[in-house]
Structures are given as C-alpha cells and as structure tokens.
Chemist: 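If you scroll down you'll find the structure; I have some questions about it.
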Amino acid sequence: MRPLLLLDFDGPLNPYRSRETPPGYVRHEIVEGERTWEVRINPQHGVELKALAGTFDLVWATSWEHGANRLLSPLLGLPSDLPTILWPDRTPVRRGSWKTPYVADWVGNRPFVWIDDDVDSDDVRFFRRDHQLVHQVDPRTGLTATDFAAIRAWADGKSFADKEIPPHP
Ligand SMILES: [Mg+2]
C-alpha cells in the first residue's frame, strides 16, 4: 500500500509568515472572479513533490480545498486532479488542529505523512502510530531541504507491504 503525503499549502508551500519573499520563491497573484490572493511559491517544491510522488500518493489537505487543484497545482507543476480533503467545519478546537478529525476519517488505516504549519503536539499524539507522521513546517520558511529529508527518511525506513487494511471477515 502506498503511503499518502497530505499537503497543506499556506505555511509549507506558501511561507506567509515570511516578511520578504524568501530566496527561490516567486510571488504570484491569483485572480479568480472578484477575488485576488497573493502567494509565494518555490518552483523547486514542485520538483521535489513530483519526485516524492514516486513513493507517495499526493493529497491536498489545505483550506483551499478544490481551489488547490484549480489554482495552485498549475503553479507548482503538479497534476490538477489530486485527491482533496474537504473541511465541513473549520471552527477552531481547544487542542490541536481543526483538520485532525477530517484527516483521521480520510486516511483510515493508510500510512501517511501530513505536512502542515498549524499542527502541534496534540496532533502528533493523536496520530502516534508507527505508520503515521505529522510533520510541522515553519510558515516563515516553508518546506526546507531538512523537511524533505525528514519525509524521505521516514519513507525509507518503512515497509508498507504489511500495512494493508485487513479484509473484513
Ligand atoms: Mg497552513
């Protein structure tokens, strides 16, 4: 079973907490209808993610929801038909990320890495099984070489063959 790589956008792929546009990033204005968003994207991230797609199934796990495939995938050079997790309710919760229950439902028993800037130790504790990795990314820098190395090291250290969901009796 291939592991999933759940991708948050704002933070890991758009370092919105950085004052300047960091080296390697390109500023984009996304216009759709009356709305305009400013994002900063690192084309190298697209290259890295496409390489990781050899191991992982990429999944959007961002508040952009379907907008991620429509508006963000083309800027990163990613396929525009990635599976997308939807968030029926984004009310902040007392502990951890409001995304966590939806992520849990969506992944089921599949192994996964979830990259997000807005996760904390409660989310790490919630997804504490061996085939689950919650990886926090600094929204001032976006994904760095260190983050990509951590994702690859996690995948290299696993055998996913034994992670099949047992069939119903
Ligand atoms: Mg985020």
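If you're wondering where the values come from, they're calculated on a predicted model, not measured in any experiment. We count residues from 1, following the sequence as given. All ligand and atom numbering here is 1-based and tracks the order in the structure.
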Chemist: Measuring from Asp117:CG to Ser97:OG, what's the distance to the nearest 0.5 Å?
Modeler: 9.5 Å
Chemist: Measure from the ring center of Phe112 to the ring center of His135 and say whether it is less than 6.0 Å.
Modeler: no
Chemist: With sequence neighbours excluded, give me every ring-ring contact (aromatic ring centres under 6.0 Å, His included) pair touching residues 63-82.
Modeler: Phe9-Trp64, Trp37-Trp64
Chemist: Show all protein N/O/S atoms under 2.8 Å from the Mg ion (ligand 1), or state that there are none.
Modeler: Asp8 OD2, Asp10 O, Asp117 OD1
Chemist: Determine whether Val26 and Val47 fall in the same hydrophobic cluster, where Ile, Leu, Val, Met, Phe, Trp and Tyr are linked whenever their side-chain heavy atoms lie under 4.5 Å apart.
Modeler: no
Chemist: Once rounded to the nearest 0.5 Å, what's the spacing between atom NE2 of His28 and atom CD of Glu38?
Modeler: 11.0 Å
Chemist: Working to the nearest 0.5 angstrom, can you tell me the gap between Leu76 CG and Leu71 CG?
Modeler: 11.5 Å
